[in-house]
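Notes for the one structure printed next.
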Protein chains: 2
Amino acid sequence: MPTRRERLRAETATEIKTIALRLMAAGGPDAISLRAIAREMGMTAGAIYSYFPTRDDLVTTLIADLYTALLDAAERARDAAGSAPGARLLAWAEAVREWAVANPEGYKLIYGDPVPGYRAPTSGPAADAELRACAGLTELVAEVWPAITVTPSGTARWTDFDADIVALTRKALPMLPPAGFALALRMWGRMHGLIALEVYGHLTGQTRRPEKLFHAEMIDMITSLGLRAPK
Amino acid sequence: MPTRRERLRAETATEIKTIALRLMAAGGPDAISLRAIAREMGMTAGAIYSYFPTRDDLVTTLIADLYTALLDAAERARDAAGSAPGARLLAWAEAVREWAVANPEGYKLIYGDPVPGYRAPTSGPAADAELRACAGLTELVAEVWPAITVTPSGTARWTDFDADIVALTRKALPMLPPAGFALALRMWGRMHGLIALEVYGHLTGQTRRPEKLFHAEMIDMITSLGLRAPK
DNA sequence: GCAAACTCTAAACGCCGTGTAGTAATCGAA
DNA sequence: TTCGATTACTACACGGCGTTTAGAGTTTGC
């Protein structure tokens with residue numbers, strides 16, 4: 001049961017974040033300025049310090065929110081896809097790219113480096129979202145792993161990876177070998193690469209059909225494991 | 001024959017860039033401030049405007065220099081590698097990753113978004129460097145293309161791509177089909193993905209051996225085309 | 001009804017990029 | 001060699017930024 005004060009406080013915090021997101025979408029991360037937010041709210045910049053201890057904390061909160069929205073979209077697409085081994089994986093990938101293209105500044109904020117020296121390790125909702133992304137992808141790999149006929153190269157061992165994530169992964173997906181987890185990380189990179197190039201504008205001078213490029217890459221990613229191509 | 005004035009001017013410009021690079025390596029793109037540079041040089045910030053019309057122009061110049069250094073390293077590694085179909089490709093990829101890991105802030109500056117609304121299209125040395133990167137990778141694909149036994153999926157056509165880059169590519173590599181150029185872009189993304197995740201710290205909570213992950217990914221990238229694995 | 005907690009303003013500090021006016025040095029040519 | 005023009009630089013100002021501090025004004029819980 002939230003008190004009146006708590007409710008007002010939550011509303012104001014939401015308004016701050018909403019305006020911050022609009023500023024970011026319009027002018028990139030640097031456009032998120034406490035003074036600009038306060039100006040739009042008819043306040044002074046100092047008032048925001050009642051809600052966020054510092055600008056970096058506000059941005060970190062935004063990252064967590066954006067990451068959550070991205071993952072919600074990805075999971076929604078995955079669950080709406082058919083149950084063929086690669087279909088859910090493909091749906092996830094396409095959903096991530098579509099979200100990124102629709103929210104380029106948001107994607108940059110998530111995977112870029114808006115707060116140089118900061119970056120808290122394994123703490124806070126932003127780290128939780130990252131973990132959720134990693135877990136979601138690993139789960140998709142675990143689903144298709146039994147159907148794979150071409151094993152990825154390399155000699156992955158559990159000791160290659162961070163102990164915490166290994167513990168979580170092995171508990172959730174006991175059947176998955178270390179090579180499966182390695183594959184999940186590699187797929188993450190493979191998806192991220194083309195999306196990052198596109199979102200940062202490095203493909204604009206090259207291709208007019210980035211979605212075609214990405215789709216072909218994802219199809220090959222799936223078929224190269226010996227799975228039938230979905231769709 | 002440079003006059004004394006020109007020589008001094010070039011030296012000062014170089015000193016400005018050198019200090020800017022050091023500041024960037026230490027504190028990220030935001031640490032590149034004209035006042036900080038001038039402070040280290042015993043000048044005032046206004047003096048830098050005799051050398052660069054604006055801070056963004058200085059950063060753009062830095063990007064071009066860094067991109068050139070990255071490509072020099074990649075081409076050097078490629079030329080030092082054996083002549084097996086995939087060996088030169090692998091050497092290029094590993095060299096890019098190693099440069100990125102050694103110069104993380106530089107890699108971020110090249111492929112990130114330090115200048116939000118700016119980004120000149122197809123002009124200036126930074127765009128030239130990007131073209132050189134793309135051309136270098138396309139050339140490597142053209143080298144291995146005849147030896148490929150597994151054709152990448154998708155239906156690439158020349159009209160999918162930017163007219164200028166198509167003209168340059170078809171002139172330089174007449175035998176390469178559009179699917180080959182598409183493959184080059186896709187490889188670019190595949191290399192960039194894992195490197196970007198690593199450089200921005202998104203792999204630190206996951207794997208302790210990112211180089212192993214990258215190497216395996218590159219080996220699979222080559223072997224999935226039906227080429228023998230190098231090394 | 002009142003003290004405590006909270007929210008906000010106003011002003012200041014030290015950063016930042018950028019523009020302008022003026023000074024001092026240096027250069028090219030008469 | 002001297003003189004006008006160009007160049008390199010300083011000093012200062014402007015507005016913007018994040019952040020801190022002191023103090024009002026309001027709301028809350030007892």
Side-chain angles (χ1 to χ4, degrees), chain A residues 1-24 26-63 109 113-119, chain B residues 1-24 26-63 109 113-119:
Chain A
M1 179 70 139
T3 67
R4 170 179 150 78
R5 229 206 192 116
E6 284 169 345
R7 186 166 42 80
L8 287 175
R9 183 179 172 79
E11 278 173 14
T12 307
T14 302
E15 190 184 355
I16 290 171
K17 291 196 287 181
T18 304
I19 294 175
L21 285 173
R22 189 173 53 238
L23 290 172
M24 181 208 66
D30 289 358
I32 307 173
S33 90
L34 300 185
R35 291 184 131 98
I37 295 168
R39 220 176 291 129
E40 282 206 36
M41 296 177 71
M43 295 196 318
T44 52
I48 300 182
Y49 284 81
S50 298
Y51 299 89
F52 299 94
T54 185
R55 196 199 90 114
D56 287 358
D57 289 273
L58 168 58
V59 173
T60 304
T61 305
L62 292 180
I63 292 176
L109 206 62
D113 200 13
V115 188
Y118 191 65
R119 225 21 140 202
Chain B
M1 177 72 139
T3 68
R4 172 179 146 79
R5 251 248 243 294
E6 284 169 347
R7 187 167 41 80
L8 285 176
R9 184 180 171 77
E11 278 174 14
T12 308
T14 302
E15 190 183 355
I16 290 170
K17 290 197 287 182
T18 304
I19 294 174
L21 286 173
R22 188 173 55 239
L23 290 172
M24 181 208 66
D30 289 358
I32 307 174
S33 90
L34 300 185
R35 291 184 131 98
I37 295 168
R39 219 177 290 130
E40 284 206 36
M41 296 177 71
M43 295 197 317
T44 51
I48 299 181
Y49 283 83
S50 299
Y51 299 88
F52 299 94
T54 184
R55 194 199 93 112
D56 287 358
D57 288 272
L58 169 59
V59 173
T60 305
T61 305
L62 292 180
I63 292 176
L109 205 61
D113 201 13
V115 187
Y118 191 65
R119 226 21 142 200

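Chain naming here is simple, since letters A, B, ... match the order of the sequence lines and numbering starts at 1 in each. Computed over heavy atoms, backbone and side chain alike; hydrogens, waters and symmetry mates excluded.
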**Message:** Can you confirm whether B:Thr61 sits close enough to B:Lys17 that some side-chain heavy atom of one is under 4.5 Å from a side-chain heavy atom of the other?
**Reply:** yes

**Asked** Does the side chain of B:Ile48 reach to within under 4.5 Å of the side chain of B:Met41, using non-hydrogen atoms?
**Response** no

**Message:** Under 4.0 Å, counting only non-hydrogen atoms across every strand here, what does B:Leu58 touch: a base, just sugar-phosphate, or nothing?
**Reply:** nothing

**Message:** In whole Å, I'd like the distance from the CZ atom of A:Arg39 to the C1' atom of D:dG18.
**Reply:** 13 Å

**Message:** Expressed as a whole number of angstroms, how long is the span from B:Arg7:CZ to C:dT26:P?
**Reply:** 13 Å

**Message:** Just the rounded figure in Å: distance from C1' of D:dG18 to CD1 of A:Ile37.
**Reply:** 12 Å

**Request:** Flag the pair B:Thr18 / B:Glu15 as yes when at least one side-chain heavy-atom distance between them is below 4.5 Å, and no otherwise.
**Result:** no

**Message:** At less than 4.0 Å, is any side-chain N or O atom of B:Thr54 found next to OP1 or OP2 of C:dG17? Yes or no.
**Reply:** no

**A:Ser33 (side chain) donor-acceptor with A:Ala36 (main chain) under 3.5 angstrom** = yes

**Prompt:** Among C:dT7, D:dA8, C:dC15, which nucleotide sits nearest the side chain of B:Ser50?
**Reply:** D:dA8

**Per B:Ala45 side chain, nearest of listed nucleotides C:dT18, D:dC9, C:dC8** = C:dT18

**Fill in**
What one should report as the nearest heavy-atom pair of B:Arg35 and B:Ala45 is CG-CB, 3.7 Å

**Message:** Need one value for B:Phe52: base, sugar-phosphate or nothing, where a base atom within 4.0 Å counts as base even if backbone is also close, heavy atoms only.
**Reply:** nothing

**Prompt:** Do you know which two heavy atoms are closest between A:Ile37 and A:Ala20, and how far apart they sit?
**Reply:** CD1-CB, 3.8 Å

**Request:** Would you check if A:Leu62 and A:Met24 make a side-chain contact, meaning some heavy-atom pair closer than 4.5 Å?
**Result:** no

**Message:** So, does A:Thr44 get its side chain near the phosphate of C:dA10, meaning an N or O under 4.0 Å from OP1 or OP2?
**Reply:** no

**Prompt:** Rounding to a whole Å, what distance do you find between A:Met43:CE and D:dG18:P?
**Reply:** 13 Å

**Residue-phosphate contact under 4.0 Å: B:Tyr49 side-chain N/O, C:dT18 OP1/OP2** = yes

**Request:** Evaluate the side-chain proximity of B:Tyr49 to B:Leu34: yes if any heavy-atom separation is below 4.5 Å, no if none is.
**Result:** yes

**Request:** Would you indicate which nucleotide in C:dC16, D:dC17, D:dC9 comes nearest to any side-chain atom of B:Ala36?
**Result:** C:dC16

**Prompt:** Across the strands shown, which category fits B:Ile48 at heavy-atom distances under 4.0 angstrom: base, sugar-phosphate, nothing?
**Reply:** nothing

**Asked** Out of D:dC9, D:dG16, D:dT19, which nucleotide sits closest to the side chain of B:Tyr51?
**Response** D:dC9

**side-chain N/O A:Arg35 vs C:dT9 OP1/OP2, d < 4.0 Å** = no

**Item:** Closest to the A:Leu34 side chain, choosing from D:dT19, C:dC15, D:dC9
**Value:** D:dT19

**Fill in**
Residue pair B:Gly42/A:Ser33 against DNA chain D: nearer the 5' end by closest nucleotide is B:Gly42

**Message:** Can you measure A:Met41 atom CE to C:dC8 atom P for me and round it to whole angstrom units?
**Reply:** 8 Å

**Fill in**
Expected list for residues 8-24 of chain A near DNA chain D, using heavy atoms below 4.0 Å, is none

